[in-house]
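Here is the naming used below: chain letters follow the sequence lines, and residue numbers restart at 1 for every chain.
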Protein chains: 2
Amino acid sequence: MDSEYSYEYERPALTVDVVIYTIQDNELKILLIQRNTDPYKDMWAIPGGFVLKGETLEQAAARELSEETGVKDIYLEQLYSFGDPGRDPRGWVVTVAYFALISSDNLKIEADTDAKDVKWFSVYDLPRLAFDHDKILKLSLERLRAKLEYANVGFQLLPKKFTLTALQKTYEVILNKTMDKRNFRKKILSFNIIKETDEFKRDGNHRPARLFTYVEPPPSKKKH
Amino acid sequence: MDSEYSYEYERPALTVDVVIYTIQDNELKILLIQRNTDPYKDMWAIPGGFVLKGETLEQAAARELSEETGVKDIYLEQLYSFGDPGRDPRGWVVTVAYFALISSDNLKIEADTDAKDVKWFSVYDLPRLAFDHDKILKLSLERLRAKLEYANVGFQLLPKKFTLTALQKTYEVILNKTMDKRNFRKKILSFNIIKETDEFKRDGNHRPARLFTYVEPPPSKKKH
DNA sequence: TCAAAAGTGTTGTGTGTACACCCATGT
DNA sequence: ACATGGGTGTACACACAACACTTTTGA
């Protein structure tokens, strides 16, 4: 990008793709769109679209996200960029992949958009995906799992107030393994990132569960 | 990237930038190029260049790397993509940043290219950088440090055969802190990723140091 | 009173950290 | 013999894993 800067170089089309995660029915789900045009017609794809001149990559991803789900102010993180020459049969298309975590209770409106060609799929039961979207998805899931261990991620998938059991279920569906209730609570509480409220969730014929909220950790050194 | 696919969207220029790390004189250094043309003329920049049609992003980064340093088969990892509208005053330029780790003993030829406008700088003593390259650099350093803790990175900065002290020095300059010799050795050896050779490095008037080599861990579960 | 989920502690095991001395060599 | 870096072990604190029973509610 130096002295020989010029317009003689051919430019790729630039898109963003967003893997949108949520928790529904105790399952980890992602939003997919069924294609209705020719390359990979009828196959399912991760939502995405062109980056417009004048916007940042993140803005493009946030715009795409809100177009598909109607929600804004969502946890959004850049994942990786994919640019292999053959990845789109229509030509040279480079995509910057993001992943988003959205709380199930933000989905009221859009939860029943199965009228359209948009659907939530369990990540453990996916259709074949168009383009290299299986690669993108796989990477996003690995990243999500990794972040769950070191970072304060996971709360973004839950309502503001949540029970510890709900949080544990969230971890369990993402990591796809069961955890010990006592150890889980001990660990989470030791991080000092959630605070108990004096509200309870009454749910059925059993003891009500206390609701907690996520609190940004103080400006200390370590995250965790 | 859907039904409305077309060429009506304006396309950005696409570049790769590569933060090239090495260890020299017990310091962590990166390669910078002094610009001789107008935007940011005379300032220093991370090496980079246009992605050519038909190559992968990684190939573009590897090409750029070998053009600058003359070395190939180097540890290369995609870092992040930067596309803020204002980042290049000449127009819309999106860059995919990579970082590379290269062993000091691969640098014989190029070590003295200070004849040119190319120079190795200690990461702790950098000039002002062009574009948003300070951001790229900062992120790459964070990533390098993080990987040092969970992944088998670090060996790429050393010759095939190295002493444990050299490895520890590598960790120390990257993390910018001193470490305990006994604990360091215990930890590294427990990972079973290095193997002792029966060669020694004779260095001065002191006991020779055993040389070790990195061995790919067996296909077990955990990395570390 | 029963079913169903919420909530709660202790113990053992392993991992990270702090710390000081002898060893092999060249001069 | 001495200076220089190479090489080694132990004790303590802390994090993680395994494990079972009581509590509160609605029906």
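- Atom pair Leu189(A):CG and dC16(D):P shows a separation of 14 Å (rounding to whole Å applied).
- Between the side chain of Asp203(A) and the base of dA5(C), no donor-acceptor pair of N or O atoms lies under 3.5 Å.
- No N or O donor and acceptor, one from the side chain of Asn205(A) and one from the base of dA5(C), sit under 3.5 Å apart.
- DNA chain D is contacted by both Arg185(B) and Pro208(A); Arg185(B) maps to the nucleotide lying nearer its 5′ end (nearest heavy atom per residue).
- In this structure, Glu149(B) CD and Leu144(B) CG are separated by 10.5 Å, a value rounded to the nearest 0.5 Å.
- When the P atom of dG6(D) is taken as reference, atom CD of Glu196(B) falls 16 Å away, rounded to whole Å.
- Arg210(A) comes within 4.0 angstrom of the backbone, heavy atoms only, and of no base.
- For Asp180(A) against dC19(D), a side-chain N or O and a base N or O form a donor-acceptor pair under 3.5 Å.
- In this structure, Gln168(B) atom CD and dG5(D) atom C1' are separated by 12 Å, rounded to whole Å.
- Across dG6(D), dT25(D), dT10(D), the shortest atom-to-atom separation from the side chain of Lys181(B) is found for dG6(D).
- Taking atom NZ of residue Lys177(B) and atom P of nucleotide dG16(C), one finds them 12 Å apart after rounding to whole Å.
- The distance between atom CG of Asn183(A) and atom C1' of dG7(C), rounded to the nearest whole Å, is 14 Å.
- Counting non-hydrogen atoms under 4.0 angstrom, Thr163(A) reaches nothing in the nucleic acid.
- For Ile194(A) and dG7(C), the CD1 to P distance is 11 Å, given to the nearest whole Å.
- Atom CE in Met179(A) sits about 15 Å away from atom C1' in dA18(D), given to the nearest Å.
- A donor-acceptor contact under 3.5 angstrom links the side-chain atoms of Lys186(B) to the base of dT17(C).
- Taking atom NE2 of residue His206(B) and atom C1' of nucleotide dG7(D), one finds them 13 Å apart after rounding to whole Å.
- Between the side chain of Asp180(B) and the main chain of Arg182(B), a donor-acceptor pair closer than 3.5 Å is present.
- Side-chain atoms of Arg182(A) come within donor-acceptor range of the base of dA20(D), with a qualifying N/O pair under 3.5 Å.
- Among dG7(C), dC23(C), dT24(D), the nucleotide with an atom closest to any side-chain atom of Arg207(B) is dC23(C).
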- [ ] List the steps, then state whether side-chain hydrogen bond (donor to acceptor under 3.5 Å, both in side chains) holds for Thr22(A) with Ser104(A).
- [x] CA-CA 6 Å; Thr22(A) 199; Ser104(A) 42; 5.1 Å; no
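- Screening Leu31(A), Leu141(A), Leu32(A), Leu137(A) for a side chain to side chain contact (heavy atoms under 4.5 Å, CB included) involving Val19(A) leaves a single residue, Leu137(A).
- No engagement by Lys187(B) is indicated, since no non-hydrogen atom pair under 4.0 Å with the nucleic acid exists.
- A perpendicular orientation is assigned to the rings of Trp44(A) and Phe121(A), their planes being inclined by more than 60° (bins at 30° and 60°).
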